[in-house]
Protein chains: 2
Amino acid sequence: MCQIDTKEKILDAAELLFAAHGYHATSLRAITASAEVNLAAVNYHFGSKDALMEAVLLRRLEPLNKLRLSQLEAVLSRAEAAGTVPTTREVLRTFVEPTFRLRQKGSDAEGFIRLIGHALAEPQGLVMSIFMRHMSPIMVKLFTALERALPGLSRKTLFWRLHFAIGSMSHIMRCHDRHSITPADVSVELETEELIEVFLDYTTAGLEAAQ
Amino acid sequence: MCQIDTKEKILDAAELLFAAHGYHATSLRAITASAEVNLAAVNYHFGSKDALMEAVLLRRLEPLNKLRLSQLEAVLSRAEAAGTVPTTREVLRTFVEPTFRLRQKGSDAEGFIRLIGHALAEPQGLVMSIFMRHMSPIMVKLFTALERALPGLSRKTLFWRLHFAIGSMSHIMRCHDRHSITPADVSVELETEELIEVFLDYTTAGLEAAQ
DNA sequence: GAGTGATTTAAACGACTGTTTGAAATCTGT
DNA sequence: ACAGATTTCAAACAGTCGTTTAAATCACTC
């Protein structure tokens with residue numbers, strides 16, 4: 001029963017290398033060498049490089065989105081039960097918290113977070129299309145929930161502001177260590193829990209700004 | 001004097017193709033075919049594919065940064081002359097306005113804007129290093145100016161909030177037409193001037209949020 | 001323990017990559 | 001119009017890419 005080991009060794013190595021160098025710049029030979037398996041194993045177990053990338057994405061994206069969805073629906077039904085609308089911050093939190101938690105936890109998912117950060121940025125291609133196919137349902141639900149939390153906002157404005165929020169988030173997911181932006185003497189380390197709150201402070205204020 | 005024509009034909013084609021498909025996925029053969037020049041012309045005029053990418057970036061980044069810098073310094077000296085600090089919004093505007101204007105104007109720079117949107121997202125590689133080398137001086141100045149506009153903010157918080165802002169901006173620069181996020185019936189078209197204000201509303205509120 | 005199906009292996013496939021070459025063509029200055 | 005430098009061109013270079021093949025090895029049932 002070595003097959004599962006091989007498949008997961010390939011997935012782990014591919015996740016790391018795709019995240020570090022991007023899809024096109026990562027060769028199957030680099031992946032199989034890093035995973036210490038034979039070159040042909042990728043095509044045997046996954047069929048093609050494209051299918052491997054899809055498997056890498058889905059392995060983590062599916063449970064992540066299930067978690068986000070259940071938390072979002074909990075917030076929505078809690079508000080409905082109370083006869084109120086959900087707050088912007090708690091809606092955002094259902095989306096942000098599971099993601100940033102993944103960023104910190106065991107080193108394995110860390111690579112994945114950088115990877116989907118890049119997925120959101122890659123030119124219209126394979127990664128983007130796989131990613132969007134699995135993200136757009138939850139995006140629509142997020143948009144609808146924010147519409148309820150922010151009844152004063154036009155849908156057009158909300159659309160753009162949500163785009164800004166997604167842009168911030170994917171940027172943070174990409175770069176852990178890119179400090180070239182500030183003077184050298186600023187300490188920038190932040191625990192995951194703090195980062196979540198700093199992000200929610202910023203994004204809630206942006207979404208709730210006067211129009 | 002056909003050399004300049006050839007060089008610029010190559011730069012134009014490369015800018016478009018790099019923006020559309022990324023650096024690694026774009027071959028010199030695709031570029032030279034699109035530019036209707038000989039394959040060897042790239043290596044003759046630029047030396048290598050890497051050097052071509054640098055030339056593509058610098059052609060537009062240099063004048064853009066000069067414009068941003070002069071506007072920023074105008075804002076700073078105007079505030080100093082008035083004995084006040086600059087507002088967050090006007091500091092941000094010096095950085096945002098020249099960029100988004102480039103996004104709209106003649107179709108030629110449109111490709112460039114998508115390109116540097118991707119540059120900010122590509123895994124640590126060539127594009128990123130070229131870009132950062134030419135961006136970090138102005139980034140430091142922007143950070144310092146925002147410190148002056150937001151004296152109540154800790155440097156650490158400002159660092160992260162500025163990252164969020166840059167993430168939003170690069171995300172918008174990348175995707176002109178990615179509407180998969182919202183329900184289908186939302187009209188999202190926006191003139192450049194409106195987009196600038198929508199972005200400044202959001203980002204100013206985020207930067208100025210209570211800590 | 002032979003036989004069957006799943007997995008691994010080394011080797012090769014054709015296609016494509018960035019780069020180089022040296023001759024041909026074109027332009028520049030006199 | 002000529003000489004000399006610049007630019008273009010087709011062809012080939014060595015290397016890497018994703019994928020395929022067929023034999024070798026493994027795990028397991030009868």
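Predicted model only: the values in this text are computed from it and were never measured. In the text below, chain A, chain B and the rest are named by the order of the sequence lines, each starting its count at 1. Computed from heavy atoms alone, side chains included, the values below leave out hydrogens, waters and symmetry copies.
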Task: B:Arg89 bridged to B:Glu197 by N-O distance under 4.0 Å - done: yes
Open item on the list: Looking at A:Tyr23, I'd like to know if the NZ or CZ of A:Lys49 sits under 6.0 Å from its six-membered ring centre while staying within 45 degrees of the ring's axis.
Closed with: yes
- [ ] Look at B:Arg59 together with B:Asp12 and state whether they make a salt bridge at an N to O cut-off of under 4.0 Å.
- [x] yes
- [ ] Classify the side-chain pair B:Thr99/B:Arg68 by whether it contains a donor and acceptor separated by less than 3.5 Å.
- [x] yes
- [ ] In whole angstrom, give the distance that lies between atom CG of B:Asn43 and atom C1' of D:dC13.
- [x] 13 Å
TODO: Measure the distance from NZ on A:Lys7 to P on C:dT7 and round it to the nearest whole Å.
DONE: 9 Å
- [ ] Would you mind reading off the distance between A:Asp5 atom CG and C:dA6 atom C1', rounded to a whole angstrom?
- [x] 15 Å
- [ ] Would you tell me if any nitrogen or oxygen in the side chain of B:His45 comes within less than 4.0 Å of OP1 or OP2 on D:dT8?
- [x] yes
- [ ] Measure the distance from CG on A:Leu52 to C1' on D:dT19 and round it to the nearest whole Å.
- [x] 14 Å
TODO: Working to the nearest 0.5 Å, report the span between OG1 of B:Thr94 and CG of B:Leu76.
DONE: 8.0 Å
Open item on the list: Just to be sure I understand the geometry, which residues of residues 26-40 of chain B put a non-hydrogen atom under 4.0 Å away from DNA chain D?
Closed with: B:Arg29, B:Asn38, B:Ala40
Open item on the list: So for the helix from C:dG1-D:dC30 to C:dA23-D:dT8, with five pairs setting each end axis, what is the inter-axis angle to 10°?
Closed with: 20°
TODO: Taking only the side-chain nitrogens and oxygens of A:Thr6, find out if one of them lies under 4.0 Å from OP1 or OP2 of C:dT8.
DONE: yes
- [ ] Please report, rounded to the nearest Å, how far the P atom of C:dA25 is from the OH atom of B:Tyr44.
- [x] 17 Å
Task: Euclidean distance, atom CG of residue A:Asp50 to atom P of D:dT19 [Å, nearest integer] - done: 7 Å
TODO: Kindly determine whether B:His163 and A:His171 satisfy ring-ring contact (aromatic ring centres under 6.0 Å, His included), including the steps that lead there.
DONE: CA-CA 8 Å; B:His163 257 303; A:His171 187 64; 5.3 Å; yes
Task: Donor-acceptor side-chain pairing of A:Ser168 and B:Ser168 below 3.5 angstrom - done: yes
TODO: Just say parallel, tilted or perpendicular for the rings of B:Phe100 and B:Phe199, cut-offs at 30° and 60°.
DONE: perpendicular
Task: Euclidean distance, atom CG of residue A:Leu17 to atom P of D:dC17 [Å, nearest integer] - done: 12 Å
TODO: Using atom types as modelled and distance alone, determine if a side-chain donor or acceptor of B:Thr203 lies under 3.5 Å from a backbone N or O of B:Leu200.
DONE: no
Task: A:Ile10 CD1 - D:dG18 P separation (whole Å) - done: 13 Å
